[in-house]
Novice: 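I have a structure here, written as structure tokens, and I will follow up with some questions on it.
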Amino acid sequence: MFNHETLDKYSPLENKIFQLIDDDGMPLDKKWKPALSDKQIIQAYKDLLFERTADYMAVSYQRQGRMFTYPPNLGQEAIHIATGMVIKEDDWLVPDFRELGAWLAKGVSMREIFLYFKGNEDGSRFVNAKRMLPVSVPIASQLVHAVGIGYAMNYQKEKAVVFAFVGDGGTSEGDFHEALNFAAVWNVPVVFIVQNNQFAISVPIKTQTKSQNLALKGVAYAIPSVLVDGNDVFAMHEVLAFARDHADSGKGPVLIEARTYRIGAHTTSDDPTKYRTKEEEAAWALKDPLKRLKGYIEAKKLFDTSGEEALVAEYKKKIDKEFEAAEKHPEYPLDDVFKYMYQEMPSELRRQKNAYENYLQNKGGAK
Amino acid sequence: MFNHETLDKYSPLENKIFQLIDDDGMPLDKKWKPALSDKQIIQAYKDLLFERTADYMAVSYQRQGRMFTYPPNLGQEAIHIATGMVIKEDDWLVPDFRELGAWLAKGVSMREIFLYFKGNEDGSRFVNAKRMLPVSVPIASQLVHAVGIGYAMNYQKEKAVVFAFVGDGGTSEGDFHEALNFAAVWNVPVVFIVQNNQFAISVPIKTQTKSQNLALKGVAYAIPSVLVDGNDVFAMHEVLAFARDHADSGKGPVLIEARTYRIGAHTTSDDPTKYRTKEEEAAWALKDPLKRLKGYIEAKKLFDTSGEEALVAEYKKKIDKEFEAAEKHPEYPLDDVFKYMYQEMPSELRRQKNAYENYLQNKGGAK
Amino acid sequence: MKVMNMVQAINDALDTMLTEDKSVVVYGEDVGVEGGVFRVTEGLQLKHGAARVFDSPLAESAIAGTALGMAIAGMKPVIEMQFDGFSYPAFNQILSHISRFRNRTRGKFTVPAVIRIPYGGGINALEHHSESPEAYFGHTPGLKVVIPSTPYDAKGLLIAAIEDPDPVIFMEPKRIYRAIKQEVPEEKYNIPIGKARVVNVGEQLTIIAYGAMIREAQKAIVMAKQKGWSVELIDLRSIWPIDRDTIRESVRKTGRVLIVTEASQSYGAAAELISIVNEEAFLSLEAPPARLTGFDTVIPLPLGEKYYIISPERIFFEIDKLIRY
Amino acid sequence: MKVMNMVQAINDALDTMLTEDKSVVVYGEDVGVEGGVFRVTEGLQLKHGAARVFDSPLAESAIAGTALGMAIAGMKPVIEMQFDGFSYPAFNQILSHISRFRNRTRGKFTVPAVIRIPYGGGINALEHHSESPEAYFGHTPGLKVVIPSTPYDAKGLLIAAIEDPDPVIFMEPKRIYRAIKQEVPEEKYNIPIGKARVVNVGEQLTIIAYGAMIREAQKAIVMAKQKGWSVELIDLRSIWPIDRDTIRESVRKTGRVLIVTEASQSYGAAAELISIVNEEAFLSLEAPPARLTGFDTVIPLPLGEKYYIISPERIFFEIDKLIRY
Ligand SMILES: Cc1ncc(C[n+]2csc(CCOP(=O)(O)OP(=O)(O)O)c2C)c(N)n1
Ligand SMILES: Cc1ncc(C[n+]2csc(CCOP(=O)(O)OP(=O)(O)O)c2C)c(N)n1
Ligand SMILES: [Mg+2]
Ligand SMILES: [Mg+2]
């Protein structure tokens with residue numbers, strides 16, 4: 001058993017997973033007291049429920065043909081909600097693409113997220129989200145950005161931590177290695193969070209690496225690393241809080257493997273039945289983070305979860321509004337193709353834009 | 001203390017270095033008996049002496065302006081000579097660029113090496129060196145080639161091991177990480193040898209990584225890894241023999257950190273006084289691999305080393321002949337620019353070549 | 001003959017070569033169990049085994065670099081870059097090694113590898129999934145670069161690529177993966193690399209294009225025909241080497257030329273083709289050789305893609321301008 | 001004014017900007033203690049401290065990617081790729097991120113970073129040390145790419161690049177690092193990115209070149225002058241964007257144009273310039289616009305380089321052909 005204090009001494013070589021509650025939400029250690037207040041726990045539950053609802057809605061919009069693609073977060077929400085609880089306004093969030101709850105905590109709106117997955121760059125403006133980077137599509141490439149930001153935080157003497165996400169598949173990319181190495185050598189305040197959801201699209205973790213766990217990879221860089229139950233919101237919170245402290249106090253980066261399971265498809269264009277079994281899915285269903293958090297809440301009678309349906313209904317309405325707002329977003333103007341490439345539009349781009357406008361004006365005449 | 005049997009259980013986490021003889025060549029363990037026969041030991045001494053002589057000669061040719069550049073091997077020869085003793089004819093050698101003795105063992109001629117560093121691709125033909133790759137200039141990029149070859153050896157059911165070299169600096173590149181990960185997952189017979197000579201040009205190891213040792217990096221991939229004294233030819237031989245066995249018996253890759261020191265400059269265009277101290281150089285001079293091997297040989301009276309000067313003189317003559325042969329190499333013909341780009345020369349290349357030949361024929365007339 | 005779309009034709013070519021030549025292996029991200037995100041390799045692992053058709057870890061540089069290793073050790077790897085934009089992490093291996101190993105070793109080691117890359121826009125995808133990087137490869141000595149525009153060509157060119165003793169970048173216009181169905185012979189056949197195809201014979205103007213742009217050009221040509229104009233269409237097929245003979249012959253005849261490519265304009269394929277036209281048929285030119293290409297911008301996300309991607313109407317507009325010149 | 005070579009002028013520009021702007025940092029392989037393998041950053045660490053001028057681990061992708069991170073967090077990193085060929089491992093970061101972050105985030109995050117790359121052949125170097133990759137960058141929307149040909153331009157362009165709010169690839173023709181000495185103002189000055197320079201005014205033919213080729217062209221022009229021929233020379237300076245105005249004006253006057261570049265031919269800068277000439281001055285052309293470039297081969301090792309690298313004699317030969325056309 002570990003706790004906040006002993007995390008300092010944790011070694012991923014022992015291959016033990018940091019976990020605080022069991023599959024039913026019962027504390028593993030009877031004497032354990034959550035670091036979170038009851039109010040925070042209830043909020044975490046609501047946020048988790050919100051993320052899950054938003055996710056379901058997104059998938060259904062996509063099925064209706066109203067959005068092009070969407071990568072569901074289903075099953076991984078505890079990681080995101082815990083991040084949301086720990087991350088501060090001045091902290092940076094460097095996302096992968098599958099951590100919805102953390103984005104929301106940072107101030108991203110569902111409208112923006114929908115807009116992005118409908119195919120509009122306006123969805124990456126993140127107007128109210130301070131220090132939140134856009135989705136990074138090229139796997140693992142965002143991790144080196146996090147390190148650069150970390151350098152800037154040190155250089156500018158700012159007290160701010162960078163949270164950077166990557167998937168299990170992403171740990172195979174060269175940029176993962178380069179980022180961790182630079183982070184350690186430069187001693188930057190970066191918390192790397194590997195969401196090990198067992199798959200990179202169809203490729204299972206055993207085809208991805210031979211190491212027993214991914215936290216182990218931190219050993220190569222002398223980075224403190226923890227393997228944690230990513231479906232246990234308490235454990236995730238504890239580890240993230242530890243990591244934030246560590247980074248914030250000038251001790252350098254931390255690597256976290258959050259072990260979880262992608263309950264849904266890779267994206268809405270994917271069909272997981274091709275590459276995994278019902279048995280595996282059923283086994284992981286027992287560890288569903290929402291179920292576990294609810295178990296805890298119900299056992300402790302913190303909150304009447306029988307009102308869940310009403311909550312979900314309320315969330316759905318809210319999310320629907322956001323989606324409608326995204327659908328009502330102004331038409332994509334031609335200008336937007338050109339105007340953000342450089343601060344000042346080079347004449348070459350003006351020339352190309354003019355040629356297109358000339359076509360638009362004269363195409364009728366030409367026919 | 002480790003030996004061939006206990007290497008299996010070696011862990012780089014203990015940060016202990018595998019070493020068999022001390023700075024004077026005296027066995028650390030009185031009961032230890034070298035795995036090498038006296039004859040082999042004498043041969044190793046001669047080979048080391050040859051490599052060193054060749055190296056000095058190369059540097060002096062370069063100083064005379066007869067070669068463009070050259071990366072000296074000085075101080076790292078024990079690694080190369082030990083590799084030469086262990087590598088089999090059917091094994092592959094995937095070089096970095098600083099392992100002369102190993103190349104010679106594989107059948108590369110000094111003439112070819114000189115030719116290469118004089119600036120002729122003919123120097124990479126390696127006519128008599130079976131399964132020897134050319135110098136890899138982009139740091140660490142060769143390691144993934146080694147893994148592909150390893151896959152082919154497995155696929156083709158060949159009993160052959162791949163020896164792949166990289167420097168301490170090279171361990172920072174993304175390709176190092178990708179290669180080790182693929183090697184482990186694919187379980188290929190590759191022995192990775194990191195020559196940690198303390199510097200990447202001017203950049204010291206502490207700027208390169210925060211890990212205590214580079215063998216540690218293997219832990220991230222579940223690859224057996226050993227830190228070994230790269231200036232101890234006995235230790236190097238022991239570890240390499242162990243690694244070759246391991247890989248050859250289908251147990252997969254091995255990572256070796258051979259700790260050594262680059263006594264010379266990075267290349268003949270480099271000036272190490274800019275970035276290191278005389279004290280450091282003096283400390284490492286005590287660990288000179290030639291000195292240590294000679295110490296052993298003299299203590300055991302295996303060979304009369306007073307004849308060294310005569311040996312060196314003989315080698316010099318031999319090397320001079322090779323250099324002369326390189327200098328007498330036929331002029332670089334225009335054809336050679338074009339003819340090796342593709343198996344069959346595409347008409348576009350013929351066109352470009354014709355245009356050049358047309359210039360050669362008519363330039364006089366044009367004036 | 002079987003009717004196939006391009007996905008099936010490529011699958012068939014891979015199957016043919018896997019069956020015929022034991023040194024052929026197929027690997028990349030999700031190409032094994034899943035059969036590829038576009039289902040191009042579907043069924044191949046089941047048929048040929050997991051030692052020959054398999055998933056690799058997620059790392060493009062290593063995918064490319066290991067292919068080089070296999071190739072110089074006697075195998076014929078056919079690797080997949082899952083999308084165009086994910087070929088960039090493999091650039092160093094492709095530019096520094098795959099393209100050069102033969103020259104570097106004066107022919108001792110050769111790299112008969114094929115790199116398959118689904119490419120191009122028009123599929124409503126996220127960023128980095130709609131790139132047209134052919135000019136990067138075309139500018140890299142030592143590579144051959146081919147792009148089919150039909151299922152028939154796809155099969156024949158891919159077989160030629162796998163049999164080629166040198167590395168071939170095989171770019172697949174994913175937008176028309178399933179758009180065109182065609183009779184494709186079940187037996188093995190080759191389409192020589194380096195030869196363009198005259199898709200449409202015409203007299204007044206030559207369009208040079210490739211990949212998904214061929215279909216758009218064909219539609220524009222129908223529109224032009226209604227005006228009474230006769231337009232020749234050349235499917236380049238081979239991005240490097242370029243078939244100068246076919247271009248010369250056509251432009252000398254028509255005197256007018258329009259290059260249509262999806263990729264961004266500056267330093268793109270259209271520029272190379274215009275230079276070739278100048279070199280081969282300058283005196284026949286009756287109008288400045290023109291190019292219709294993507295903008296020098298990132299290709300927009302789906303909602304903005306309509307501006308970027310070239311429509312038959314825009315091609316027609318340029319034809320009209322050129323013929324009236 | 002001080003007389004400087006290009007190495008000194010670049011060092012001076014870095015020193016100027018490090019002094020003026022605390023957000024500027026300089027890093028890369030061996031740029032700190034060592035002062036760079038070409039001594040371009042010599043003395044800067046001593047003067048500005050190791051937090052601002054420093055060695056990084058050996059990994060180009062991270063060097064580029066961390067620069068993006070610093071830049072979006074308010075800094076102005078100036079990074080060095082030790083040699084042209086070692087920019088390839090950084091391609092993914094440059095192509096996928098550095099060039100696109102502004103567009104991706106609709107201007108929220110911007111990347112005022114500079115990537116310095118010593119480039120080109122003629123220095124008797126090993127493989128991968130003599131590359132001319134400018135076309136790869138020129139084909140990448142979102143980048144600006146500049147190449148100076150004199151110490152004066154080097155300082156002014158580098159200062160402009162550092163002050164530019166967008167990422168700039170600053171390529172340094174290492175072959176002439178120390179070959180040209182020139183008076184260079186000690187104060188700060190800018191040379192606007194995107195403007196070419198008319199090096200030599202002439203009437204009969206326009207040469208467009210840049211970097212180390214300028215000096216070779218100048219020599220060829222002297223030879224041409226002896227024949228009584230008047231040749232104009234344009235130093236492009238900016239590879240993207242390209243100064244169409246200067247090109248148009250010149251070619252409309254001369255009617256003949258020769259592009260000279262070191263890089264390999266196909267899909268190279270010369271092709272883009274020929275297209276621009278066609279677009280801007282077709283009706284003035286009295287001869288086909290010509291290109292003299294590197295071959296579509298790997299640049300040979302030193303003993304074979306003489307064939308590849310373009311000499312004044314070869315330029316003269318082409319001038320002669322064009323003028324007699
Ligand atoms: C460099 C790169 N290669 C390939 C892809 C295509 N791709 C998108 S997601 C994905 C799998 C990612 O797996 P993982 O890192 O485990 O994240 P997860 O999807 O499981 O959250 C792949 C291969 C990509 N986006 N970037
Ligand atoms: C990708 C790449 N980046 C930079 C260089 C330039 N370079 C040549 S050798 C070297 C240092 C290599 O250090 P290390 O790997 O420790 O090998 P050593 O020279 O010490 O043997 C560098 C930076 C290169 N060859 N390749
Ligand atoms: Mg995953
Ligand atoms: Mg070293």
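A, B, ... follow the sequence lines: proteins, then strands. Residue 1 opens every chain.
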Novice: Is C/S56 close to B/W186 at the side-chain level, that is, under 4.5 Å between some pair of heavy atoms?
Specialist: yes
Novice: Answer with side chain, backbone, both or neither: which region of C/I63 has an atom nearer than 4.5 Å to a non-hydrogen atom of chain B?
Specialist: both
Novice: Mind checking the OH-CZ spacing from B/Y342 to C/R102? Nearest 0.5 Å is all I need.
Specialist: 10.5 Å
Novice: What option among C/G142, C/P167, C/P165 has the most heavy-atom pairs under 4.5 Å with chain B?
Specialist: C/G142
Novice: Please classify the contact of B/D336 with chain C as side chain, backbone, both or neither, using a heavy-atom distance under 4.5 Å.
Specialist: both
Novice: Could you list the residues that satisfy side chain to side chain contact (heavy atoms under 4.5 Å, CB included) with C/A62, not counting sequence neighbours?
Specialist: B/V144, B/E178, B/F182, C/A59
Novice: To the nearest 0.5 Å, tell me how far C/K108 NZ sits from B/R125 CZ.
Specialist: 10.5 Å
Novice: Are any side-chain N or O atoms of C/Q93 and backbone N or O atoms of B/Q142, one a donor and one an acceptor, separated by less than 3.5 Å?
Specialist: no
Novice: Check B/Q156 against C/A73 and note the closest heavy-atom contact, atom names and distance.
Specialist: NE2-O, 3.0 Å
Novice: In Å, rounded to the nearest 0.5 Å, how long is the span from CE of B/M341 to OG of C/S99?
Specialist: 6.5 Å
Novice: I need the minimum non-hydrogen distance between C/M70 and B/G148, along with the two atoms involved.
Specialist: CG-O, 3.3 Å
Novice: Which atom pair, heavy atoms only, marks the closest approach of C/G69 to B/I149?
Specialist: O-CG1, 3.4 Å
Novice: Check B/H145 against C/L68 and note the closest heavy-atom contact, atom names and distance.
Specialist: CG-CD2, 3.7 Å
Novice: Quick check on B/K88: does its NZ atom have over 12 non-hydrogen neighbours (other residues, nucleotides or ligands) under 6.0 Å away?
Specialist: no
Novice: Given a strict heavy-atom distance threshold of 4.5 Å, which part of C/P141 is in contact with chain B: side chain, backbone, both, or neither?
Specialist: both
Novice: Quick check: are there more than 12 heavy atoms from other residues, nucleotides or ligands sitting under 6.0 Å from CG of B/L360?
Specialist: yes
Novice: Do other residues, nucleotides or ligands put more than 12 heavy atoms under 6.0 Å from the CD atom of C/E249?
Specialist: no
Novice: Parallel, tilted or perpendicular, judged at 30° and 60°: which one describes the rings of C/F54 and B/Y151?
Specialist: parallel
Novice: Could you look at C/T110 and say if it's the side chain, the backbone, both or neither that has a heavy atom under 4.5 Å from chain B?
Specialist: neither
Novice: CZ/C/R106 to CG/B/D122 distance, rounded to the nearest 0.5 angstrom?
Specialist: 6.0 Å
Novice: Contact between C/I72 and B/L133 at the side-chain level, heavy atoms closer than 4.5 Å - yes or no?
Specialist: yes
Novice: Is there a side-chain contact between B/R351 and C/R244, using heavy atoms and a 4.5 Å cut-off?
Specialist: yes
Novice: For atom CD of B/E357, decide whether the heavy atoms of other residues, nucleotides or ligands shown that lie under 6.0 angstrom number more than 12.
Specialist: yes
Novice: Can you measure from CG (B/D175) to NE2 (C/H97) and round to the nearest 0.5 angstrom?
Specialist: 7.5 Å
Novice: Between C/A67 and chain B, with a heavy-atom cut-off of 4.5 Å, which part of the residue counts as in contact: side chain, backbone, both or neither?
Specialist: neither
Novice: What about the rings of B/Y340 and C/F101, do their centers lie closer together than 6.0 Å?
Specialist: no
Novice: With rounding to the nearest 0.5 Å, note down the distance linking OG in C/S238 to CD in B/E348.
Specialist: 10.5 Å
Novice: Checking heavy atoms, do the side chain of B/V162, its backbone, both or neither come under 4.5 Å from chain C?
Specialist: neither
Novice: Please determine, among B/M132, B/R131, B/K339, B/M153, the option with the most heavy-atom pairs under 4.5 Å with chain C.
Specialist: B/M132
Novice: Please classify the contact between C/N103 and chain B as side chain, backbone, both or neither, with a heavy-atom cut-off of under 4.5 Å.
Specialist: both
